[in-house]
Amino acid sequence: MIKKRFTLTGRARLVFPLLMLSLALFATASPGQGALPPPQDDDPPHPARNPKLDSYLANVAAVAEVSVDEALSLAESGSLILSGNRVHVQVVTHPAGLTGAVQAMTQAGGEVTGVGFGDTLIQGWLPPEVLEDVAAQEDVYFIRRPIQAFPTESLYVGNSTTEGLAVINAPAWHTAGYRGSGVKIGIIDGGFVGYPGLLGADLPASVTVKNFVDGENDGQADGSTEHGTACAEIIHDVAPGAQIYLAKIATDLDVAEAVDWVIAQDVDIISTSLAIYNGTPGDGTGYLAELVAKARAAGIVWVTAAGNDRESHWGGVFQDIDGDGRHEFADGEEVNCFSLDGETCSPLFLGDVNLLVRWSDWDAVDQDYDVHLVRWDGAQWVTVASSTDVQNGDHGQLPTEWVATGLVFDLAPYGFRIERVRGDRPVNFEVFMPGLISFGFRPLYLLRARSIANLADSPGAITVAALDVTSLTQEFYSSEGPTNGPGGAESGGFVKPDIAGFANVSTQSYGPGVFNGTSAATPHVAGAAALALSAYPDYSPDQVRSFLEGRAVDIGQTGLDVQFGYGRLHLGDPPGTRSLDYLIYLPAVFKSSQ
């Protein structure tokens with residue numbers, strides 16, 4: 001049986017955040033009334049850190065030496081995915097060492113479920129008691145928790161039709177005969193709950209389905225979340241004649257496998273309402289950008305979400321004025337707490353929080369930093385959870401840390417801090433906290449720029465921002481560019497997103513007017529691309545992109561900008577549209593007499 005991290009779905013996503021917000025507002029006074037409390041030396045001594053295991057797996061392996069059952073419990077509490085008595089992992093290797101690494105896993109009682117990215121990454125399951133042994137093998141560079149793909153839906157969330165249909169002028173295209181017929185669209189997402197019940201109504205009469213999630217079969221694509229189903233509904237509204245392919249995924253390697261599959265299905269468009277973190281420097285390079293380029297080389301238009309991190313992101317260059325090894329977000333303030341009002345540290349019930357941190361050291365990977373989630377206990381900041389991976393320049397390591405927690409029903413102020421373990425040059429940090437805004441919170445120290453997620457920074461993808469479908473104004477969470485500069489630098493990036501779609505729309509999966517996030521915005525653009533291809537079937541991906549960007553309605557700053565790209569999605573008039581004014585066909589002398 002597969003055990004997964006607890007997540008809220010459906011209407012509960014709307015009710016639960018409001019409940020948490022109400023409780024927080026009535027909580028006792030918190031620290032930070034005008035200033036953050038002083039840092040405290042409360043951190044426990046670092047556990048032994050294996051440079052070939054991420055810190056969460058290293059802790060699980062250490063506990064497994066005493067009790068496998070306790071190790072499995074620890075893994076589950078740390079949001080790791082389990083299958084029986086094994087934990088889900090990714091093993092970094094090299095092409096020449098692939099065979100040896102696979103053998104090490106299987107001989108230790110593990111299972112290999114996938115290999116990708118040029119034979120450098122293995123995904124599968126390992127018993128916790130063999131993690132250290134497998135990591136010790138020469139062909140194994142590093143073992144980590146799988147890099148996850150997060151849905152980019154903001155969690156506030158008969159037949160339903162998206163209100164965005166009229167806004168982009170799609171009905172005129174349908175009337176003119178352009179409905180996406182002959183176009184194939186692959187939707188890669190974390191789940192498609194309820195899709196069978198919508199076939200022939202809010203979805204086409206039939207769809208093609210494939211599940212790439214380890215431990216699941218194709219029938220379980222109808223599971224986990226209705227997020228992908230809602231995205232498919234919007235695409236079907238905009239391009240009702242298009243064929244739809246549904247691919248369920250959970251990790252970055254699953255995404256790569258799904259891309260290979262949709263290429264084999266000869267799809268024309270890929271739509272991903274996903275955000276991936278800590279995979280690449282955020283500068284438009286790396287394996288995700290290469291994956292997009294692979295699809296484009298196959299003639300595929302890739303449309304992806306910008307992310308929902310505009311209000312849940314911080315970035316900046318490490319600074320330690322007092323020399324204690326901790327980053328200072330402001331003068332002497334070494335904790336970035338979570339806030340309701342943007343001025344004080346606010347108490348909250350911590351729930352399913354992820355802190356994903358990367359820094360600009362992707363070549364050497366020898367600048368070592370740790371990240372700590374902390375809680376105010378009334379007198380000092382106490383460490384709740386930490387990510388303490390080793391960065392010493394060994395193969396397979398990444399300049400990243402990932403703190404993950406399950407639900408913690410403990411009303412108190414929370415925050416995070418960054419600690420230098422080893423470093424001899426300045427590095428730029430990007431910290432993402434996906435889902436934090438669902439509870440009405442934001443980091444006290446906030447940076448809206450550079451809040452574009454990985455995958456969304458790929459130059460070859462059409463990256464989509466979110467507008468409210470009624471007011472046509474920016475959604476507060478919609479991630480902004482620019483991208484990072486080379487290697488993840490603070491400056492020197494390029495403009496993203498590329499275009500803006502629509503949120504707060506109606507779907508059968510979520511109900512009237514509540515499907516939001518850049519998740520909802522993205523399928524509007526994917527559907528519009530399908531209409532363009534039905535009108536111009538010989539268009540290349542570049543031509544489809546130019547068509548959509550060229551017809552976009554400029555909003556925000558004049559021209560291309562880091563909030564809306566080229567502007568609001570609008571298809572304009574369909575090809576062949578003629579004026580209904582018959583007078584234009586009459587000689588001037590007759591016009592004057594009318």
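Just so you know, these numbers use all the heavy atoms, side chains as well, and skip hydrogens, waters and symmetry mates.
What you find for A295 and V259 is that their closest heavy atoms are CB-CG1, 4.5 Å. Closest heavy-atom contact between A404 and N354: CB-OD1, 3.6 Å. Of all heavy-atom pairs between A526 and I269, the closest is O-CD1, 3.7 Å. Between P443 and M433, the shortest heavy-atom distance links the atoms CG-CE, 3.8 Å. Residues A453 and A275 share a closest heavy-atom pair of CB-CB, 3.6 Å. What you find for N392 and P51 is that their closest heavy atoms are ND2-CB, 3.8 Å.
Counting heavy atoms from C-beta outward, V209 and V207 have side chains that approach closer than 4.5 Å. Counting heavy atoms from C-beta on, the side chains of V374 and V382 never come closer than 4.5 Å. Contact check for L398 versus N278: no side-chain heavy atoms found under the 4.5 Å cut-off. Looking at L198 and E233, their side chains come closer than 4.5 Å, going by heavy atoms from C-beta outward. Residues L355 and L373 meet the side-chain proximity criterion, which asks for heavy atoms closer than 4.5 Å. In this structure the side chain of P128 reaches within 4.5 angstrom of the side chain of L72, judged on heavy atoms. Residues I270 and I188 are in side-chain contact: their nearest non-hydrogen atoms beyond the backbone lie under 4.5 Å apart. When side chains are defined from C-beta on, Y369 counts as touching F429, because their heavy atoms get closer than 4.5 Å.
Listed by first and then second residue, the salt bridge (charged side-chain N to carboxylate O under 4.0 Å, His left out) pairs that reach into residues 275-284 come to none, sequence neighbours excluded. For residues 105-132, the salt bridge (charged side-chain N to carboxylate O under 4.0 Å, His left out) pairs, not counting sequence neighbours, are R86-E111.
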Sequence neighbours left out, cut at 3.5 Å: what donor-acceptor pairs do the side chains of residues 96-109 make with other protein atoms?
| residue | atom | partner | partner atom | Å |
| --- | --- | --- | --- | --- |
| T106 | OG1 | V102 | O | 3.1 |
| T106 | OG1 | Q103 | O | 3.2 |

side-chain contact (heavy atoms from CB on, under 4.5 Å), that's the test. Do V335 and F416 meet it? Break it down for me. CA-CA 6 Å; V335 170; F416 71 92; over 6 Å; no

Can you check side-chain contact (heavy atoms from CB on, under 4.5 Å) on H88 and Q123, steps first, answer last? CA-CA 8 Å; H88 205 211; Q123 189 166 286; 3.7 Å; yes

Just do the side-chain contact (heavy atoms from CB on, under 4.5 Å) check on N484 and R450 with the steps written out, would you? CA-CA 6 Å; N484 283 102; R450 304 197 308 272; 3.7 Å; yes

Can I185 and Q243 be said to form a side-chain contact (heavy atoms from CB on, under 4.5 Å), step by step? CA-CA 6 Å; I185 305 176; Q243 294 176 253; over 6 Å; no

Yes or no on side chain to side chain donor-acceptor pair (under 3.5 Å) for K496 and T463, after CA distance, side-chain angles and deciding distance? CA-CA 7 Å; K496 283 285 185 177; T463 300; 3.0 Å; yes

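A donor and an acceptor atom, one from each side chain of S387 and E401, are located under 3.5 Å apart. Using a 3.5 Å distance cut-off with no hydrogens or angles, the side chains of H372 and T383 do not pair a donor with an acceptor. Side-chain polar atoms of N211 and E216 form a donor-acceptor pair below 3.5 angstrom. Under the 3.5 Å distance criterion, with hydrogens and angles disregarded, no donor-acceptor pair is assigned to the side chains of H236 and D202. Using modelled atom types, one finds a donor on one side chain and an acceptor on the other under 3.5 Å when comparing N454 with T280. For the 3.5 Å distance criterion, the side chains of N428 and W359 fail to qualify, holding no donor opposite an acceptor. Judged purely by distance below 3.5 Å, without hydrogens or angles, the side chains of W302 and T272 pair a donor atom with an acceptor atom. Side-chain contact, D214 with T113: a donor N or O sits under 3.5 Å from an acceptor N or O. Using a 3.5 Å distance cut-off with no hydrogens or angles, the side chains of Y287 and D252 do pair a donor with an acceptor. Side-chain atoms of T152 and S519 include a donor-acceptor pair closer than 3.5 Å. No side-chain donor from either of D361 and Q391 sits under 3.5 Å from a side-chain acceptor of the other.
Atom CZ of residue R310 and atom OG1 of residue T518 lie 13.0 Å apart, to the nearest 0.5 angstrom. Note that the CZ atom of F432 and the OG atom of S312 stand 8.5 Å from one another [nearest 0.5 Å]. The distance from the CZ atom of R442 to the CD atom of E311 is 6.0 Å, given to the nearest 0.5 Å. Taking OH from Y195 and OG1 from T229, the interatomic distance works out to 9.0 Å, rounded to the nearest 0.5 Å. To the nearest 0.5 Å, the span separating OG1 on T93 from CD on Q137 amounts to 11.0 Å. The CG atom of L436 lies 10.0 Å from the CG atom of D309; values are rounded to the nearest 0.5 Å.
In terms of modelled atom types and a separation under 3.5 Å, the side chain of T225 and the main chain of H227 share a donor-acceptor contact. At distances below 3.5 Å, not a single donor-acceptor pair connects side-chain atoms of E70 with backbone N or O atoms of S67. Side chain of T251 to main chain of D254: a donor-acceptor pair is present (N/O by atom type, distance under 3.5 Å, no hydrogens or angles). In this structure, T507 contributes its side chain and A230 its backbone to no donor-acceptor pair below 3.5 Å.
Considering I249, L246, V262, D218 as possible partners of K210, the one that fulfils the side chain to side chain contact (heavy atoms under 4.5 Å, CB included) test is D218. The only member of Q397, R420, R49 that meets side-chain hydrogen bond (donor to acceptor under 3.5 Å, both in side chains) when paired with D368 is R49.
Note on D370 versus R422: no salt bridge recorded, every NZ/NE/NH1/NH2 to OD/OE distance being 4.0 Å or above.
By the 6.0 Å contact criterion, CG on D363 is open, its count of non-hydrogen atoms from other residues, nucleotides or ligands being 12 or less.
Ring to ring, F338 and F441 are not that close: their centroids are 6.0 angstrom or more apart. The distance between the ring centers of Y141 and H94 falls below 6.0 angstrom.
Because its NZ or CZ atom is both nearer than 6.0 Å to the ring centre of Y56 and within 45° of the ring axis, R145 counts as a cation-pi partner of that residue.
In this pair, W402 and F150 present their aromatic rings perpendicular. The plane angle is above 60°, beyond the 30 to 60° band.
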